[in-house]
Protein chains: 2
Amino acid sequence: MNEPFLDGYLPYVLRRADQVLSAPFYQLLTQHGVQRSEWRVLAVLREHDSISMTDLTTTALSPQPTVSHAVARLAERGLVQRFRGTHDKRLWFVACTESGRALADKLVLEAHHTETEALSGASIHDISGLVEELNSLHTKLADSLVAQS
Amino acid sequence: MNEPFLDGYLPYVLRRADQVLSAPFYQLLTQHGVQRSEWRVLAVLREHDSISMTDLTTTALSPQPTVSHAVARLAERGLVQRFRGTHDKRLWFVACTESGRALADKLVLEAHHTETEALSGASIHDISGLVEELNSLHTKLADSLVAQS
DNA sequence: CAGGTATCAATTCGTATGAATATATTGTGC
DNA sequence: GCACAATATATTCATACGAATTGATACCTG
């Protein structure tokens with residue numbers, strides 16, 4: 001009843017698109033007994049031999065304590081391992097174990113498949129332009145935030 | 001160390017863009033003592049005279065119990081009111097009170113300002129194309145999901 | 001180097017979250 | 001019209017979340 005806002009508010013439309021696209025995969029995750037924060041950690045670890053907690057926090061798009069907890073749970077399940085940094089002993093590095101990598105690969109495959117399915121079902125074919133735009137948006141925003149500090 | 005996936009995975013880049021764009025506003029929210037789920041509810045209510053819980057759940061992009069709790073907290077603070085449906089008594093309708101509407105308007109103003117600031121700081125000016133693309137993506141996906149059921 | 005500050009990540013702990021369930025009301029088939 | 005499914009929402013409750021703190025290490029400055 002006020003002037004409209006949300007439909008033109010970028011964070012809102014980003015979140016809405018994410019949710020409708022992610023929903024089916026989140027159901028699969030639940031079936032696998034994997035938390036969303038754990039999935040994000042696994043998906044990142046899969047693309048790195050090992051990574052520090054700080055970098056993992058950034059790329060897994062989750063707060064540091066959330067990542068810390070998720071990694072602890074994954075470690076208990078034998079899916080990841082932690083190593084203290086040698087040069088800088090404050091750092092902890094995390095890496096997938098064999099079984100962790102296997103699970104991560106499987107989940108990534110399912111994520112990809114689910115995404116493809118959803119998109120083709122909606123007659124959407126070329127995503128690459130949109131992905132590029134969003135990556136560019138993120139890069140510019142991140143750069144400008146760094147520049148401020 | 002595997003073939004890259006995340007940087008081309010739409011849900012990931014959507015979430016990443018959302019986070020970097022939303023971060024500064026979330027800090028403001030915290031200062032106002034408003035939860036994110038509460039913000040989403042208020043922002044939706046602001047655009048409706050009144051709305052059913054089901055519709056609110058959908059548009060606030062949050063699970064039903066989360067919305068139910070958020071509305072309960074907002075009601076305790078006198079920011080929203082609930083009315084039982086007259087025709088269908090299972091429905092509950094929610095609406096802003098005066099003070100709720102005032103808070104919602106203030107928050108929307110700050111959200112808009114924060115977004116504009118972040119974008120201009122990153123030399124990003126025309127967002128409308130991207131917003132349109134994302135809205136179209138959402139509409140197509142939502143339609144195709146409905147068609148399936 | 002010693003003291004002070006900054007950084008990294010675990011941990012604490014109160015709270016929001018959300019899956020599952022319960023409750024209430026409305027349609028529906030026979 | 002009476003059981004029986006379907007729908008809308010509140011509620012329960014175990015758990016993840018995440019703000020704040022702590023502890024430990026590294027960097028810096030005189």
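Chain letters run A, B, ... following the sequence lines, proteins first and then strands; every chain starts at 1. Everything numeric here is computed off the predicted structure, so don't read it as measured data.
- To the nearest 0.5 angstrom, B/Thr114 atom OG1 is 5.0 Å from B/Leu28 atom CG.
- For the salt bridge (charged side-chain N to carboxylate O under 4.0 Å, His left out) test, no residue two or more places apart in sequence or in another chain qualifies with A/Arg36.
- Here the straight-line distance linking atom CG of B/Leu74 with atom CD of B/Gln35 works out to 9.5 Å at 0.5 Å rounding.
- Legend: side chain to side chain donor-acceptor pair (under 3.5 Å) pairs involving residues 122-134 of chain B, not counting sequence neighbours, sorted by first then second residue: B/Asp126-B/Ser128.
- Qualifying side-chain hydrogen bond (donor to acceptor under 3.5 Å, both in side chains) partners for B/Thr139, counting only residues two or more places apart in sequence or in other chains: none.
- Nearest approach of B/Glu38 to B/Arg77, heavy atoms of both residues: OE1-NH2, 3.4 Å.
- In this entry the distance linking CH2 of B/Trp39 with P of C/dT17 reads 16 Å, nearest Å.
- Comparing B/Val71 and A/Ala70 against DNA chain D, the residue whose closest nucleotide sits nearer the 5' end is B/Val71.
- Counting only heavy atoms from C-beta outward, the side chains of A/Val108 and A/Arg46 approach each other to under 4.5 Å.
- The ring-ring contact (aromatic ring centres under 6.0 Å, His included) contacts involving residues 6-30 of chain A comprise A/Phe5-A/Tyr9, A/Phe25-A/Trp39, where partners must be two or more places apart or lie in separate chains.
- Contacts between residues 14-38 of chain B and DNA chain C, defined by a heavy-atom separation under 4.0 Å, are made by B/Gln35, B/Ser37.
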Below 3.5 Å is the cut-off: list the nitrogen or oxygen pairs between protein and nucleotides 1-5 of chain D, distance only.
none

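- Within residues 86-96 of chain A, the residues having any heavy atom under 4.0 Å from DNA chain C are, by residue number, A/Arg90, A/Leu91, A/Trp92.
- Non-hydrogen atoms lying under 4.0 Å from DNA chain C are contributed by B/Arg73, all within residues 72-82 of chain B.
- Annotation: salt bridge (Lys or Arg N to Asp or Glu O under 4.0 Å) contacts involving residues 85-96 of chain A, sequence neighbours excluded, comprise A/Asp88-A/Arg90.
- Contacts between residues 57-67 of chain B and DNA chain D, defined by a heavy-atom separation below 4.0 Å, involve B/Gln64, B/Pro65, listed by number.
- A donor-acceptor contact closer than 3.5 angstrom is absent between the side chains of A/His138 and B/Gln19.
- Contacts of B/Asp7 classified as side-chain hydrogen bond (donor to acceptor under 3.5 Å, both in side chains), with partners at least two apart in sequence or in another chain: B/Arg16.
- A single hydrophobic cluster is seen to contain both A/Ile127 and A/Leu21, as judged by linkage of ILVMFWY side chains at heavy-atom distances under 4.5 Å, directly or through other members.
- Closest approach of A/Leu137 and B/Ala17 over heavy atoms only: CD2-CB, 3.9 Å.
- Residue pairs meeting the ring-ring contact (aromatic ring centres under 6.0 Å, His included) criterion with at least one member in residues 64-123 of chain A, sequence neighbours excluded, do not occur.
- Considering all non-hydrogen atoms of both residues, A/Ser37 and A/Thr66 come closest at CB-CG2, 3.8 Å.
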